[in-house]
Structures are given as C-alpha cells and as structure tokens.
There are 2 protein chains.
Amino acid sequence: MRIALAQLNYRIGDFSENVSKIIRSLKKAEDEGADLAVFAELAICGYPPRDFLEFDDFIAQCYNGILEIAAECTGIAAIVGSPSVNPSERGKPLYNTAYFLCDGRIHGKTHKTLLPNYDVFDEYRYFEPNRLPYDIIEYKGRKIAMTICEDLWNITDDPLYVRNPMDELIKLDPDILVNIAASPFNYTQPLTRFGLLKKNAKSYGLPLFYVNHVGGQTELIFDGGSMVIDALGNLCGELERFKEDFRIFDSAVLGSTAGPLIPAGPSITLIHPALVMGIRDYFSKMGFSKAILGLSGGIDSAVTLVLAAEALGAENVKAVLLPSRFSSDHSIRDAKELAGNLGVGYEIIPIDNAFRSFEDTLEPQFRGLEFNLTEENIQARIRATILMALSNKFGYILLNTSNKSEAAVGYGTLYGDMSGGLSVLGDLYKTQVYELARYINRDKEIIPLNSLIKPPSAELRPGQRDSDSLPEYEILDKILFQYIENRKGPSGLISMGFEESTVHRVLKLVNASEYKRYQTPPILRVSPRAFGMGRRMPIVGKYLS
Amino acid sequence: MRIALAQLNYRIGDFSENVSKIIRSLKKAEDEGADLAVFAELAICGYPPRDFLEFDDFIAQCYNGILEIAAECTGIAAIVGSPSVNPSERGKPLYNTAYFLCDGRIHGKTHKTLLPNYDVFDEYRYFEPNRLPYDIIEYKGRKIAMTICEDLWNITDDPLYVRNPMDELIKLDPDILVNIAASPFNYTQPLTRFGLLKKNAKSYGLPLFYVNHVGGQTELIFDGGSMVIDALGNLCGELERFKEDFRIFDSAVLGSTAGPLIPAGPSITLIHPALVMGIRDYFSKMGFSKAILGLSGGIDSAVTLVLAAEALGAENVKAVLLPSRFSSDHSIRDAKELAGNLGVGYEIIPIDNAFRSFEDTLEPQFRGLEFNLTEENIQARIRATILMALSNKFGYILLNTSNKSEAAVGYGTLYGDMSGGLSVLGDLYKTQVYELARYINRDKEIIPLNSLIKPPSAELRPGQRDSDSLPEYEILDKILFQYIENRKGPSGLISMGFEESTVHRVLKLVNASEYKRYQTPPILRVSPRAFGMGRRMPIVGKYLS
C-alpha cells in the first residue's frame with residue numbers, strides 16, 4: 001500500500017481554505033498513485049481551536065468539511081482529524097477524532113484517548129477521552145491502527161495516564177500504525193518526538209506513519225517533522241521541517257538506522273527558522289504585511305530586526321531610532337549600520353521634546369523630587385506611543401523586542417518597551433539572544449560586532465547598565481532556566497551551588513513580576529516552558545515572593 | 001455532633017498565614033464545643049494555586065501545614081483541603097484531597113473525583129481524578145461522607161462526567177454529607193449553587209455541610225455562602241456572604257423551607273459587594289493601599305471611583321482629571337462634583353502640551369495627513385503615561401475603568417485607557433454599569449446625574465459619541481451577552497431577531513479584538529463568562545471575523 005503524508009499549514013477556523021488545501025493534497029496523492037493520504041490532528045479546523053469548540057456552528061462546519069472531503073475520496077482513502085460530537089448524554093460534548101474516509105463516505109473513526117492538559121494544552125477542557133473498545137480499520141487487505149498524538153506518548157517509565165491505547169490496539173493485530181498529531185515545536189521536541197515514535201514502532205513491531213502540523217499559530221509554532229519509521233524502529237524518511245511538505249511512502253518500506261534530519265549543533269539552528277516562520281505566519285494569517293520596531297543599538301532589537309527582515313522582506317520592515325538625552329553615539333551608529341546591512345528603511349525620531357513636555361506637565365506634582373525609575377519609564381512609554389502612532393497611521397504591526405530574562409525579572413516598562421503585537425524573543429534568555437546573534441553573524445558581520453560586545457544597557461539614565469540592577473546574565477539565566485524550565489525550588493537551586501541570596505532575590509523578582517507578564521504580547525514559543533499559555537501563575541499570592 | 005463551618009479568606013501560597021488562620025478557627029470551634037471544624041477545598045494553599053502546584057517544595061509545605069494542623073486536633077476533629085501526592089507511578093502526580101484530622105494525626109482522606117476543567121478551572125492540569133473505591137469516615141458514632149466541590153455537581157440531566165461519586169458513597173450508608181469547595185462567584189452562582197446542594201441533600205437524604213472560600217484572588221471572587229441543608233433539602237443556616245464567617249451547627253438540626261439570604265432584586269445587589277471585595281483584596285494581598293484613576297466625567301470612571309473609595313477609603317484614592325482640547329466643560333464639572341461628593345482628592349493635569357509635543361515630534365512623518373484614530377490614541381496613551389508616572393512616583397496602583405462592552409468590541413486604546421493593574425468593570429456591560437450607577441445613587445445623588453444621562457463619548461475628537469462607531473448599547477449589549485455568555489453563533493443570533501448586518505459586524509469586532517484583550521489587566525469576574533482565564537480564544541484565526 002502507498003501512503004501519502006500531507007504536512008500542511010492550516011488556519012484556525014478557516015474551513016473553506018483548510019478543506020480546499022486538504023482536497024488539493026488528496027488529488028495530488030491520488031494522481032501520484034497513493035492508496036491513502038494522511039492529514040494531521042484537527043486538520044479541518046486548525047490547532048488549537050480553543051473555545052471556538054464551544055460553538056455549535058463551528059462543530060457543524062467541521063463535520064460539513066469532513067463530508068466534503070469524504071465525497072472526494074473515491075479513488076483514494078484519507079485519514080483526517082476533526083472534532084466530533086459525543087452522542088452520549090454523559091461526558092463532555094466532543095471527541096477529538098481521526099476519521100477514515102473512503103468510497104465517498106465516512107468508513108470509520110477513532111477518538112483520542114489521552115488528552116494532554118499540561119503546558120500549552122487544554123484538551124480536557126473540550127474533549128471526552130475515548131472509553132470505547134478500540135477498532136481497527138481494514139483497508140485494501142491491511143489492518144490500520146489509527147491513533148492521535150498523545151495516544152502514543154504514554155510509553156514511558158512514569159506514565160501520565162492510567163490507560164495505554166496501544167496495549168489494547170495491538171491485540172487486534174494491526175499491520176500499520178498511523179499517528180496524526182498537533183505537536184508544537186520547542187527546541188527539545190524534534191529529538192524527543194523521534195525517540196518516542198521510534199520506541200512505539202519498535203515495541204509494537206509496526207511501521208509508523210506520523211503526520212504533524214506545520215506553521216505558526218500565534219505563540220505556538222509547529223515544525224512539522226512528519227515521518228515514517230519501520231517496524232524495527234528505523235527512520236524511512238521525513239518531511240521538511242518548518243515548511244509544508246508532501247511525500248508518498250510504501251507501507252513495506254524499510255528504513256535506515258540514521259536519525260532524523262535535525263541540524264547538528266546547538267538548538268539555535270532550530271530556533272532560528274522557527275522564529276522566522278512564527279513571525280511570517282503571524283503576519284500572513286492576521287492579514288498584515290508590514291512590521292515596525294524600535295531599534296536601540298542593543299542586541300535584542302538588532303536580532304529582532306534581522307528575523308523580521310528575513311520573515312517579511314527588508315522592504316516590509318521599518319526601524320525607528322528613538323534617541324533620548326541618555327542615548328550614546330555608538331548606539332545610534334550601531335543601529336544605523338545594522339539597518340544599512342539589511343537594507344531596512346529607518347527613521348530617527350528623538351524623544352527629548354516629548355520627554356520635556358511630560359516633565360513640564362508633571363512639574364507641579366514632581367517638584368523637588370529626584371529623577372528615578374518614574375522618568376525612565378516615561379521615556380520608554382514615549383517610545384511606545386510614537387511607535388504605536390506610526391503603527392496606527394501606516395498599518396505597521398509593532399514587534400516587541402524583549403527577551404525572556406527581562407520578562408522573567410520584570411526588567412522592562414509596561415506600556416513601554418513591553419508593548420507590541422508579537423514578542424519575537426520573549427522565549428530566549430539574554431545569553432541565547434547573544435548565541436542567536438553570533439549564529440546570524442556566522443558567515444559575515446550582519447549585526448555590528450559592537451552590539452555584541454558592549455555591556456547591555458537600557459540607556460534610560462546616564463551610564464546605566466543592566467548589571468546595576470540584575471545579576472550578570474550568565475548567572476541569572478542559569479537560575480531562571482532551572483526555576484522556569486525545570487521547576488527547581490529555592491532549596492534545589494541552592495543545593496546546585498547558586499548563591500543563596502541571589503536565588504532568593506531572583507525568585508522574588510520573577511514572582512513579583514507576574515502582573516507585568518499578564519499584560520505582555522503573545523510570545524513565540526521555542527522552549528519547553530515559555531511565558532504565556534503554557535505557564536499559569538497566580539498574580540496575587542505570596543510564595544517565594 | 002456539633003460541626004463548625006469556617007469560611008476564611010486565604011492567601012495563595014502564604015502557608016504560615018493560612019495555617020495560623022485555620023488553627024485559630026479550630027481553637028475557637030473547640031472552645032465553643034464543636035466536635036468537628038470544616039475548612040474549604042485546598043484551604044492550606046489558597047485557591048487557585050495554579051502552576052505553583054508543580055513545585056515539590058510547594059507540595060511539601062502543604063503537607064507540613066496539614067501535619068501542623070493535625071497536631072492541634074486533639075480535642076476536636078478537622079476537615080481541611082490540600083493537594084496530596086499520588087503514590088502510584090501511573091497518572092498525574094497529585095490529588096485534590098480532603099483530609100480528616102483527629103487524635104493529633106491524619107485519620108483519613110478522600111480525593112476529588114470530578115475535576116472541573118472548563119471556564120476558569122484547570123484542575124485536570126494538575127490532579128489525577130480519584131479512581132479508588134470510596135471510603136467513609138467514622139467519627140463519634142457518625143459516618144461522614146467527604147466530598148470536594150465538583151463531586152456534587154454531576155447530579156444533572158446532562159452530566160459532564162461519567163462517574164457520580166455520591167451514587168457510590170451512598171451505598172456506604174453515611175449519616176452526614178460534607179462538601180468542601182472553591183466555588184467562585186458570578187451573579188448567577190448563589191442561586192445555582194443552593195439549588196444544586198439542596199438537590200443533593202434531598203436526593204441522598206443526608207444533611208449537607210458546605211464550606212466555601214471567601215475573598216478575592218486576583219480576578220476570581222469567592223462569595224462564601226457556606227451553608228447547612230437538612231436531609232429534606234431545607235436550609236438550616238448560612239454564613240455571611242463576602243466576609244469571613246464562622247458558625248456552629250448541630251448535625252441533627254432541621255432547617256426551614258426559606259431560601260438563602262440572596263438579596264432580592266437584580267443581580268447588581270450582589271455585584272456591588274463582590275467588586276468592592278475584589279478591589280480590597282487585590283490591594284491588601286498585593287501589599288498596596290493606594291489607588292489612582294483617570295476621572296473623565298463619564299459613567300465608567302465615576303462608578304470605578306465610587307467602588308474604589310468604598311473598598312480602600314476615600315483618603316487612599318486619587319482621581320486625576322486629564323482634560324484635552326476636546327474635553328467638554330461639563331465633563332470636568334461632573335468629575336469635580338463626584339470627587340467632592342466622595343471626599344476624594346483630585347488633580348487636574350491637562351494633556352494638551354504633551355499632545356502638541358507629539359504632534360511636533362511626528363510632524364515629519366505625519367505632514368499632510370488627516371487627524372484620525374492615531375491622534376485619538378496618542379491622547380489616550382498620554383493619559384496612561386501620566387497616570388503611570390504618578391503611580392510609579394507615589395506608589396499608587398492604576399485602576400482600569402474599561403467596561404465589558406468596550407473590551408468586547410475593541411473600543412479602547414491599548415497602552416492607553418486599556419491600562420491598569422486591575423480592571424474593575426471589565427465584566428460589566430455598559431448597560432450594567434448604568435444599572436450599578438443607579439444602584440449607587442439609590443439613596444442620594446453620589447454620581448452626578450449628568451454623568452448618567454449624557455450620551456457616552458470618549459471625547460477624543462470634536463463632538464465624538466460612542467454611537468458614531470458602535471450600535472446603541474441597548475442592542476450591542478444584548479448581542480454580546482448572547483454571543484459571549486450564551487455561546488450563540490451568527491445563525492442563532494439572527495433567528496433571535498437581531499439584525500443580520502449588525503450581528504456580523506459585532507461578531508467580527510469581537511473576534512478581531514482578541515489581540516487587544518490578550519494584553520489587558522486582570523478583570524474582576526462577576527458574570528458566568530468573563531474575559532480572561534475563563535474565555536480562551538485564538539488570536540490568529542479566521543472564524544466569524
């Protein structure tokens with residue numbers, strides 16, 4: 001049997017577009033002699049549909065889409081993911097379903113058993129887990145076991161779920177294992193995912209056909225990485241990462257022991273294309289084309305600008321230099337040089353007039369009081385007001401340039417530099433931003449070296465440096481990583497050798513900044529634990545703060 | 001047996017405070033001759049603890065707290081809610097547990113079976129549902145069935161869960177039913193909750209002792225409403241709403257058929273004290289005392305000011321009038337009059353100088369272009385910058401004054417009037433804000449009548465009225481309510497009689513504003529469906545937009 005894997009970039013709730021896309025791939029598969037085409041989990045509506053699933057009309061449109069696709073399945077069969085209605089009076093109203101379509105109709109279906117409800121996932125919010133006995137699809141003399149994403153992820157020493165679907169399905173003696181997925185990217189995920197799929201194929205002795213989503217969905221980035229693994233656990237082939245792709249495999253194919261095409265070297269080689277796709281899809285799916293950002297001469301805005309120019313084209317990106325009385329000459333020089341290197345248009349809009357007008361306006365209230373954080377924040381907010389004015393007047397989307405270290409400790413101004421439609425670097429620690437800058441410069445100096453070597457500064461008061469307020473990033477980032485990604489508490493951190501007072505200070509900063517992060521833009525997620533929907537903390541509380 | 005209900009206001013993660021509070025009530029109960037004191041669900045750590053539950057140290061502190069309380073249970077028993085570790089290798093790592101403490105130790109426990117994971121609830125993110133056979137607590141010759149909140153909520157015609165704990169527990173022949181809860185307020189909840197508890201008591205023929213949380217936890221407001229219902233379904237007594245309270249009941253008490261003390265009349269009589277408590281607890285638990293807000297002369301900021309003055313004391317609230325060239329004289333007059341009526345200090349800070357400086361600054365970019373939304377937004381952002389500057393300089397927290405109608409259709413400026421630490425009215429439609437204003441004025445004119453009768457306007461350009469951009473609020477709010485609270489889609493709305501083009505326009509506005517709401521402050525939740533954690537929508541998507 002010949003099986004086509006169709007790795008597509010869906011748009012949430014855009015039924016006509018998603019259905020057309022699926023039917024086009026189906027026709028291509030049929031033309032190229034495939035017997036079966038496999039599409040991703042919830043392909044019909046895009047992932048994650050979130051609370052749209054609570055609208056009857058949305059669910060009806062999903063079902064109509066499935067019927068439309070089924071009608072095209074005459075010379076070929078298809079497996080397509082969609083929500084479906086739970087006919088029972090008991091339990092949640094929906095299932096997360098894999099439909100098997102052939103002979104112009106719905107031939108069979110399987111509901112997802114294991115519903116991820118951690119990190120960025122909320123599936124138990126909407127779906128009833130499958131409790132029915134499993135069924136197997138018989139098609140062209142083969143027995144196909146259909147599973148949906150998480151259904152294969154319970155094969156660990158420390159299983160999150162009581163039930164393991166494959167232990168039941170294997171009893172029905174399948175020939176082929178199919179898994180349709182919506183497995184978002186983080187820099188550890190490609191290897192983890194391959195390891196897990198390999199383990200399934202090998203343990204159950206079945207060839208595994210795996211189809212994932214590709215594309216950016218606001219904060220979530222789907223890298224694709226659809227693949228086929230033979231019954232010995234060897235990779236037979238995989239689809240391109242970070243792109244729509246399509247490939248046909250023979251079900252009897254045998255793989256090689258080589259691993260998947262995950263770029264060698266550090267995770268930055270995966271993060272780079274992920275962020276570019278994340279920006280590109282945010283804009284194209286929102287119907288926007290032009291980005292604007294404040295270019296300071298520092299490393300964060302430099303890296304953001306490079307990624308934006310790559311994603312949207314240099315001609316669609318506008319850089320704005322917003323010097324204040326505290327901006328250094330080298331900052332302006334570095335910013336101009338970068339814009340020149342990229343061919344990005346820039347403007348210089350000094351903020352000092354506006355700053356003086358706020359000083360005058362607030363003189364009756366502030367008379368005799370010292371310059372402090374208040375005045376620093378005013379400058380940051382003037383910059384945001386100017387950038388948003390340009391955005392409003394000319395239709396740009398403002399890109400936020402904050403990094404994860406700043407977001408973590410609250411080193412940023414709400415309604416100032418924390419503004420924007422999308423945060424590009426908000427899931428990269430400062431040290432990772434440097435790493436990405438060096439990666440961008442690997443062949444030639446795109447980002448001026450000076451931006452890479454000068455000490456980080458917000459330049460909001462004379463001689464200011466980040467290290468005046470924060471531990472050095474080399475230490476800070478390590479503590480943050482252990483606390484945020486690895487969930488280490490204070491005693492765990494101290495026993496790892498971090499200085500006690502620094503640990504308490506950092507954790508306190510993180511927990512006391514929850515109110516700020518609540519109001520920041522969506523952050524492109526590239527790590528196993530990003531700020532946003534995957535990390536849910538109380539604002540009002542008193543723990544480690 | 002004499003049973004004390006302790007309805008307390010916990011602080012999330014503040015173990016020493018929560019444990020002391022519980023022990024103080026325990027001692028009081030013992031002194032007053034109670035045999036058993038009952039505390040709320042997850043009382044030990046406060047509710048909702050959210051991802052703090054993923055920290056081993058947090059869970060260890062919960063357990064230590066339980067042991068500390070158990071040690072005090074010598075002359076009395078206690079039921080206390082806490083997370084507990086799932087000892088099995090399979091399933092999620094925690095249970096949501098009710099501990100029965102007596103004789104100085106843990107005498108028994110029950111894990112929650114039904115884990116709410118809809119609306120504002122994420123319990124399946126953290127907890128494994130109980131799958132063990134039920135147990136009953138024998139104490140002083142009585143058999144007590146312990147249940148946790150949602151465990152009693154599956155007694156409907158359309159059950160959300162497959163299992164119904166009470167159908168199993170009742171086979172063990174209990175004498176007394178205890179339910180410990182974390183049931184947040186919305187204006188429909190007090191009656192719904194009573195109806196449901198009554199149905200349980202009556203159906204299973206058991207007296208029911210119910211203890212809920214009270215207090216504000218960022219956006220969630222817990223109204224308390226702890227109560228006792230006899231085996232016939234009659235109310236025996238209830239604790240005060242929106243306050244900490246404590247009362248001892250005899251397990252053999254018989255109630256009367258009168259319902260609970262829910263204020264007669266419209267829901268506004270519940271919403272008013274809920275919002276006051278929500279503000280007060282946000283400030284006291286964050287360690288702040290002083291609020292600031294922009295007072296425009298319009299109805300939203302007027303109502304917010306009244307509530308803030310009631311919650312924090314007039315002396316702790318500062319009103320700032322921020323007139324522009326478009327502000328009308330009556331607006332300034334109305335604002336001053338209100339501040340005078342409340343005894344709230346105010347300042348007048350005109351924004352025109354700052355506005356002119358932005359016009360000058362942006363003159364090279366904007367030359368020859370018309371005044372439009374951009375200039376309106378600049379004014380709103382100047383106001384926010386001034387308010388935040390006062391907040392930063394003097395330690396005020398900025399209260400956001402936006403209402404739910406505006407938030408729904410995106411009629412507001414991000415980083416402008418959508419700023420603030422807490423949104424007070426963000427879960428009240430504009431028509432409800434008027435209703436609340438009339439309620440505030442029920443005995444005397446506190447809010448100037450003029451603010452109530454003039455047509456709503458943002459006053460950001462000459463002669464502007466909300467109705468220039470939006471349908472009249474009487475229509476708009478009805479459509480929004482059906483779409484947001486009742487999940488009606490376009491065809492449902494049209495068949496209810498709303499005009500087709502208005503329906504499409506409104507739904508499109510709502511869906512296209514998702515990116516704005518993502519960045520707004522936490523909103524005090526008083527309705528069954530508030531913006532925020534209880535409503536999760538994709539930003540990038542194409543459904544009804």
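In what follows, chains are A, B, ... by sequence order, proteins preceding strands, each numbered from 1.
Nearest heavy atom pair, residue B:Gly420 against residue A:Gln519, reads O-NE2, 2.8 Å. Nearest heavy atoms, B:Cys45 versus B:Asn18: C-ND2, 3.8 Å. Here the closest non-hydrogen pair linking A:Gly492 and A:Ser495 is O-OG, 2.9 Å. Between A:Asp281 and A:Gly215, the closest heavy-atom pair is OD2-CA, 3.1 Å.
There is no contact between B:Tyr10 and chain A, counting heavy-atom distances below 4.5 Å. Neither the backbone nor the side chain of A:Phe355 comes within contact range of chain B; no heavy atoms are under 4.5 Å apart. Only the backbone of A:Asp119 comes within contact range of chain B, judged by heavy atoms closer than 4.5 Å. If you measure heavy-atom distances from B:Ile382 to chain A, the contacts under 4.5 Å come from both the backbone and the side chain. With a threshold of 4.5 angstrom between heavy atoms, A:Glu376 does not approach chain B through any atom at all. For A:Arg356, no part lies under 4.5 angstrom from a heavy atom of chain B. For A:Leu422, no part sits under 4.5 Å from any heavy atom of chain B, backbone or side chain. For A:Asp157, the part lying near chain B is the backbone, with the side chain staying farther off; criterion is any non-hydrogen pair under 4.5 Å. Both the backbone and the side chain of A:Ala389 come within less than 4.5 Å of a heavy atom of chain B. The part of B:Leu362 that comes within reach of chain A is its side chain, from C-beta onward, which places non-hydrogen atoms under 4.5 angstrom from that chain. Of the two parts of A:Pro364, neither the backbone nor the side chain holds a non-hydrogen atom closer than 4.5 Å to a non-hydrogen atom of chain B. For a residue to count as touching a neighbouring chain, one of its non-hydrogen atoms must lie under 4.5 Å from one of that chain's; by this rule B:Tyr161 touches chain A with backbone and side chain alike. In this structure, chain B has a heavy atom under 4.5 Å from the backbone of A:Lys488, while its side chain stays farther away. For A:Phe52, the parts lying under 4.5 angstrom from a heavy atom of chain B are both the backbone and the side chain. Interface residue A:Thr520: only backbone heavy atoms are found under 4.5 Å from chain B. Interface remark: A:Pro116 contributes no atoms to any contact with chain B (heavy atom separation under 4.5 Å). Residue B:Glu17: no heavy atom, backbone or side chain, is found under 4.5 Å from chain A. Using a 4.5 Å cut-off between heavy atoms, B:Ala384 makes no contact with chain A at all. Within the 4.5 angstrom heavy-atom criterion, atoms from both the backbone and the side chain of B:Pro521 approach chain A. Using a 4.5 Å cut-off between heavy atoms, A:Asn372 contacts chain B through both its backbone and its side chain. For A:Leu160, the parts lying near chain B are the backbone and the side chain together; criterion is any non-hydrogen pair under 4.5 Å.
Taking the charged nitrogens against the carboxylate oxygens, A:Glu128 and A:Arg90 have no contact shorter than 4.0 Å, which rules out a salt bridge. Under the 4.0 Å criterion applied to side-chain N and carboxylate O atoms, A:Arg536 and B:Glu54 are not assigned as salt-bridge partners. A salt bridge links B:Arg487 with A:Asp51: the distance from a Lys NZ or Arg NE/NH1/NH2 to an Asp or Glu carboxylate oxygen falls below 4.0 Å.
For A:Asp56, the CG atom counts as loosely surrounded, since its 6.0 Å shell holds 12 or fewer non-hydrogen atoms of other residues, nucleotides or ligands. Surrounding CD of B:Glu363 are more than 12 heavy atoms belonging to other residues, nucleotides or ligands, all under 6.0 Å away.
In this structure, A:Tyr118 has its ring center closer than 6.0 angstrom to the ring center of A:Phe121. Ring centroid separation for the pair A:Phe55 and B:Tyr483 comes in under the 6.0 Å cut-off.
The residue among B:Leu390, B:Asn353, B:Ile12 with the most heavy atom pairs within less than 4.5 Å of chain A is B:Ile12. The choice from A:Leu373, A:Leu220, A:Thr156, A:Ile386 that makes the most heavy-atom pairs within less than 4.5 Å of chain B is A:Ile386. The candidate from A:Met388, A:Lys285, A:Arg535 with the greatest count of non-hydrogen atom pairs under 4.5 Å with chain B is A:Met388. The most heavy-atom pairs under 4.5 Å with chain B, out of A:Arg381, A:Arg163, A:Gln365, A:Lys393, come from A:Lys393. Ranking A:Asp14, A:Asn117, A:Val162 against chain B, the residue ahead of the rest is A:Asn117, based on heavy-atom pairs under 4.5 Å.
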Donor-acceptor contacts under 3.5 Å from residues 538-545 of chain B side chains, at least two apart:
| from | atom 1 | to | atom 2 | distance (Å) |
| --- | --- | --- | --- | --- |
| B:Tyr543 | OH | A:Asp57 | OD2 | 2.5 |
| B:Tyr543 | OH | A:Phe58 | N | 3.3 |

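Considering only residues two or more places apart in sequence or on other chains, B:Lys318 meets the salt bridge (Lys or Arg N to Asp or Glu O under 4.0 Å) condition with B:Glu347.
No cation-pi contact links B:Lys92 to B:Tyr126, judged by a cut-off of 6.0 Å to the six-membered ring centre and 45° from its axis. Taking the ring centre of B:Phe531 as origin, the terminal cationic atom of B:Arg517 falls inside the region bounded by 6.0 Å and 45° from the ring axis.
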